[in-house]
Every structure is written in structure tokens, then in C-alpha cells.
Amino acid sequence: MIISVKNLVKRYGDLLALDHLSLEVNEGEIYGLLGPNGSGKTTAINCILSLLDYHKGEIEVFGKPMSPNAYDIKKNIGVIMQNVAVFEELTSYENIDYFCGLYVNDKALRRQMVEEAIEFVGLNEFRKFYPKKLSGGLLRRLNIACGIAHKPKLIILDEPTVAVDPQSRNKILEGIVELNRQGATIVYTSHYMEEVERICSKITILDKGKVIATGTKDQLKSMITLGETITVETYDITKDQIELIRNLPHMSQVEYKDNLLIIKSDKGKNNLEIILDFIKKQNINFGKIYTELPTLNDVFLEITGKELRD
Ligand SMILES: Nc1ncnc2c1ncn2[C@@H]1O[C@H](COP(=O)(O)OP(=O)(O)O)[C@@H](O)[C@H]1O
Ligand SMILES: [Mg+2]
């Protein structure tokens with residue numbers, strides 16, 4: 001096991017930031033920690049890294065108890081913090097070289113590693129730029145290069161795509177998948193469910209410092225009753241007809257707004273067929289009709305009663 005956290009409790013004054021948090025990250029995973037702002041993701045990462053004291057719990061990394069001076073553990077971890085942490089007075093190249101140099105003394109080897117990191121995040125043209133001159137997305141990529149240049153076995157990224165343009169965002173997500181393919185275990189925190197769904201092999205959903213569910217995205221989706229959301233574009237449906245749809249089998253929630261009829265159905269094989277049959281029999285004119293499987297937002301909504309989206 002790469003990370004094991006058991007019953008971690010962290011308070012800031014009266015605020016319970018982590019409430020008996022437990023999780024297990026296994027080798028080779030891209031482990032997603034998904035939760036809204038303030039749910040405790042950064043606090044959990046800082047506790048795991050022994051950057052923060054905690055009140056209770058056990059943390060092991062690479063099978064050994066983690067502590068602030070566990071250098072042998074830390075040299076195998078690459079950390080990309082939520083707030084970009086680079087030196088303003090150093091160029092991109094010098095920044096990466098500095099962070100790599102914390103773990104790699106051999107100059108020739110380090111030069112090669114820094115070059116690879118620059119190549120990897122696509123900062124070649126910007127190697128002599130100072131951080132001030134980099135866009136938000138490029139700065140994020142520099143931050144990542146600083147964390148991964150020494151080729152750590154475990155890479156922890158805390159919300160690396162916040163306030164990043166779509167191009168850099170894609171580059172970052174593809175990069176994470178590639179690092180994992182090359183053998184690194186990844187811990188990835190985000191409040192963007194689409195990103196977590198896209199790249200993570202295992203996901204823990206956090207809310208108010210508590211684990212509300214853990215599993216693959218398919219396992220998480222199978223934990224809820226929502227089967228699919230069927231959307232029908234129509235201009236001429238009556239209140240009575242909407243009421244009739246509500247009473248059809250498997251239909252748990254029906255809303256009509258802005259000419260869109262949105263039907264949430266429980267799990268079942270032919271929900272769309274039931275709706276199509278009804279529409280035909282009632283001679284309702286319709287435009288588009290489509291069905292969507294549950295998202296992680298639906299999982300969050302069903303378990304906590306609120307939206308994950310900000
Ligand atoms: N240094 C701190 N002092 C007091 N409260 C804090 C501190 N850091 C975080 N918090 C609070 O702890 C909770 C969890 O925060 P955080 O771990 O940053 O969540 P996330 O990373 O998921 O956004 C939030 O309610 C936040 O306001
Ligand atoms: Mg955070």
C-alpha cells in the first residue's frame with residue numbers, strides 16, 4: 001500500500017476539518033479526492049505529508065509511519081501544492097533545477113531530469129522566463145515540473161487545474177495520466193467532478209471532512225437509485241400530461257422548465273422506451289430527446305442532498 005490513513009481527525013479551533021478520515025491508496029492508482037471547497041482536501045494532504053499536526057489518527061506512506069523528518073519517504077514523493085510555490089527570482093529552468101536538487105545531487109543526472117521535466121510540461125520556449133512573465137496555465141505547469149522532476153514514485157497534486165485555461169488544463173490532465181502510465185502512483189484532489197471522472201481509477205468523495213463514498217466511478221454511480229436523466233424538448237405538453245408522466249413506473253422526479261422536460265428515472269432497462277411510448281400515445285410534439293447516465297454530481301447530490309458544483 002502506498003498511503004494508509006486511519007481515523008484522521010484534525011481541528012482548527014472549534015472547526016472539525018477532518019472527521020475520522022480513512023483512505024487507502026494502492027500502487028498504480030490515480031486516486032481522486034473529490035469534494036467541494038472547504039471539504040478538507042488540502043488539510044488531508046498536509047496531514048499526510050506531515051506538514052500539519054493532527055489530533056488523532058495513523059498515517060503510513062510506503063508502509064512506514066509518516067513523520068516531519070522522514071526524508072527517505074519524502075524523497076519519493078512529488079508534491080504539487082494548490083498555491084503555486086516557485087521562486088520569483090529564479091527562471092523556469094532554475095526553479096526546476098532547485099527543487100530537483102533537493103533530492104538529486106548528481107549534476108549530470110539532474111540536468112537530464114530537469115530537461116525531461118521541461119519537455120514533459122511543454123515549457124521549452126519558456127525555460128529562461130521568470131515566473132512573473134508566465135500566464136496562469138504556464139505557471140501551473142512550472143509548478144508541476146518542480147514537483148515531478150526527481151521522478152518520485154508518489155505524486156500528489158492539489159487542485160492543479162484551478163484558474164487554468166482549457167489548453168493547459170488538458171495538457172495537465174494528459175500529463176498526469178502519462179506519469180501514471182510511466183509507473184507513478186497519483187493522488188489528485190479536485191472539486192471538478194468531470195476531471196476526476198475522466199482520469200481517476202478510484203475516487204473518494206469528501207464532504208465536511210468526512211468520507212461519504214469510495215470506489216471506482218462505476219461503483220459510486222451504482223450506489224445511488226438514479227438510473228438516468230431523460231431530457232425531452234417540447235413546447236406543447238400540458239400540466240396533466242406531466243402529472244401522468246410522474247405516475248409512470250420508475251420515474252422519480254419530473255420537471256418542466258424552459259421548454260425542457262427533465263425526467264429522473266430509477267435504474268431500469270427501458271425507461272426511455274416508457275417515455276417514448278407515452279409521448280407517441282399522447283401525440284406530444286417534441287424536438288430533441290436524449291438520456292444521460294448519472295454523474296458524480298448526482299452521486300454527491302443523492303448522498304448529501306446538495307450540489308457538488310459551486
Ligand atoms: N489554517 C486554517 N485555520 C482555520 N481554518 C482552516 C485553516 N485551513 C483550512 N481551514 C478550514 O478547514 C476546512 C477545510 O479546508 P481545506 O482543507 O482547505 O478544504 P479544501 O482543500 O477541500 O478546500 C475549511 O472549512 C477551511 O475554512
Ligand atoms: Mg484545497
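Nothing here was measured: the structure is a model prediction, and the numbers come from that model. Both counts, for ligands and for their atoms, begin at 1 and track the order of listing.
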ask   = From the Mg ion (ligand 2) out to just under 2.8 Å, does an N/O/S atom of T42 turn up?
value =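 Looking at T42, which is the residue asked about, there is an N, O or S atom under 2.8 Å from the Mg ion (ligand 2).
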
query = With a cut-off of 2.8 Å, does any N, O or S atom of T43 fall short of it relative to the Mg ion (ligand 2)?
reply =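 Under 2.8 Å: T43 has no N, O or S contact with the Mg ion (ligand 2).
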
ask   = Any link between L173 and L179 through a network of hydrophobic side chains (Ile, Leu, Val, Met, Phe, Trp, Tyr) touching at under 4.5 Å?
value =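 Yes, L173 connects to L179 through the hydrophobic network.
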
Electrostatic pair E197-K221, nearest N-O below 4.0 angstrom =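 Yes, charged N to carboxylate O under 4.0 Å.
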
message = Does the structure place the NZ or CZ of R141 under 6.0 Å from the centre of the six-membered ring of F126, at an angle of no more than 45° from the ring's axis?
response =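 R141 over F126 ring: no.
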
request  = Test side chain to side chain contact (heavy atoms under 4.5 Å, CB included) on F278 and L248 and set out the steps.
outcome  = CA-CA 9 Å; F278 178 84; L248 290 173; 4.1 Å; yes

Could you list the donor-acceptor pairs under 3.5 angstrom formed by side chains in residues 17-25, with sequence neighbours left out?
residue : atom : partner : partner atom : Å
D19     : OD2  : K210    : NZ           : 3.2
H20     : NE2  : K56     : NZ           : 3.0
S22     : OG   : N7      : N            : 2.9

ask   = If we ignore angles and hydrogens, is there a donor and acceptor under 3.5 Å between the side chains of T234 and D236?
value =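 Distance-only check passes for T234 and D236.
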
query = Contact residues of ligand 1 with a heavy-atom cut-off of under 4.0 Å?
reply =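 Residues Y12, L15, A17, P36, N37, G38, S39, G40, K41, T42, T43 each place a heavy atom under 4.0 Å from ligand 1, listed by chain and number.
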
message = I96 and side-chain contact (heavy atoms from CB on, under 4.5 Å): which single residue from V86, V121, I144, V114 fits?
response =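 Filter result, single survivor: V114.
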
